[in-house]
Structures are given as structure tokens and as C-alpha cells.
Amino acid sequence: MNISKVFIAGDHAAYDLKNKCKEILANLGFEVIDLGTDSPDISVDYPDFAYELSKKVLETKDSYGVLICGTGIGISIAANRNAGIRCALCHDSFTAKMAREHNDANVLCFGSRVVGIGVVEDMCKVFFNTEFACGRHERRVKKLNSCLN
Ligand code: RB5
């Protein structure tokens, strides 16, 4: 994969795991840009962070994203409302691999109250090292955009 930057963002529930995930990504050699939130103590709204990260991923060539909230559900729903964002809520290295191989996901998402740091490390390694398989999957991924109104 050709990766220029990895943007990362999450809400207050994600703060601690986001910091750990930043370290993992930096150790994998990526330029990591943290778009917040910056405190676990101030309650914030996950759509704000999903929209900000989606904008950055869409406007920055070859960039990818990581989004985290308590479950991963809210923030992935919000991100996927942006045409061109394919945000995959993953739970393990298998789903992270499939998200890239079959769905050409450009944003990896998980829940801080769902997965631990070991699983996050596995998911990051596999997600950012798996190419899109193209072939029949290309046709399907193209339909994701054409279905938007
Ligand atoms: C915040 O308490 C929580 O609702 C949020 O992080 C997320 O899990 C929503 O989907």
C-alpha cells in the first residue's frame, strides 16, 4: 500500500486507546496526525470527529484514517455518510484483512470498549499491509458510490 499519512480521531471514550494506537502506527512507520479529541474528561460528540477525519482523508492523496469511539458503531455510521469514505468497523485481524481485501476500506474503525490493545495492534498491522484484491470486488466497491443520493 502507498500510504502518505494516517489520520486518527475519536471521542472521549476512545482517548486512551487512541494514544496507544498512535504509538503502534508510528512504530509501523506512518506519519500519524491526531485530530482529537484531546481529553478523556470532556464529553464530545463522535460525529464531529468522524466528519473532520473524513474530510481530511478525502482531500489528502493516499491517506487513510483510524476512528475510535466506545463501540465503534456511532463513529463508523457517521464516517460512512461521506461519499468516498469506506469506514470498516472491525473486531479482529480477520475483519481488518477483509475490510481491505474486499471493501478497499480507507478508514479502520473499532470500539475502545470492545477490543484491547493486542487486538488493535494486530488489526493495524494487517489493515495497513493488505492490498485491495480488485477483480469482482472492484465492481461492488464502485456501486457503493453510485448508490448514494
Ligand atoms: C459515548 O459514551 C459512546 O456513546 C460513544 O463512544 C459510542 O460508543 C457511540 O457509538
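Both ligands and their constituent atoms are indexed starting at 1 by order of listing. Quantities reported herein were computed from a predicted structural model and do not represent experimental measurements.
Inter-residue side-chain proximity for Asn103 and Arg86 is flagged as unmet; no heavy-atom pair is nearer than 4.5 Å. In this structure, the side chains of Phe127 and Val66 stay at 4.5 Å or more apart for every pair of heavy atoms. Annotation: side chain of Ile117 is in contact with side chain of Ile24 (closest heavy-atom distance under 4.5 Å).
Relative orientation of the Tyr64 and Phe128 rings is perpendicular, given thresholds of 30° and 60° on the angle between their planes.
Residues passing the side chain to side chain contact (heavy atoms under 4.5 Å, CB included) test with Ala26, sequence neighbours excluded: none.
Looking from atom 8 (O) of ligand 1 to the surrounding protein, the closest heavy atom is Thr71 N, 2.9 Å. Of all protein heavy atoms, the one closest to atom 7 (C) of ligand 1 is Cys69 SG, 3.3 Å. Closest to atom 3 (C) of ligand 1, if we only count protein heavy atoms, is Arg113 NH1, 3.9 Å. Among protein heavy atoms, atom 9 (C) of ligand 1 sits closest to Tyr46 CE2, 3.5 Å.
Close N/O approach between Ala13 and ligand 1 is not found [any backbone or side-chain N/O within under 3.5 Å]. By the 3.5 Å distance cut-off applied to N or O atoms, Gly74 is counted among the residues near ligand 1. Among the atoms of Asp11, some N or O lies under 3.5 angstrom from an N or O of ligand 1.
Atoms of ligand 1 found under 4.0 Å from any heavy atom of Gly70, numbered from 1 in the order shown, are 5 (C), 6 (O), 7 (C), 8 (O).
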Q: Under the side-chain contact (heavy atoms from CB on, under 4.5 Å) rule, what do Arg100 and Met1 come out as? Steps first, then yes or no, please.
A: CA-CA 10 Å; Arg100 286 288 313 132; Met1 286 170 74; 3.4 Å; yes
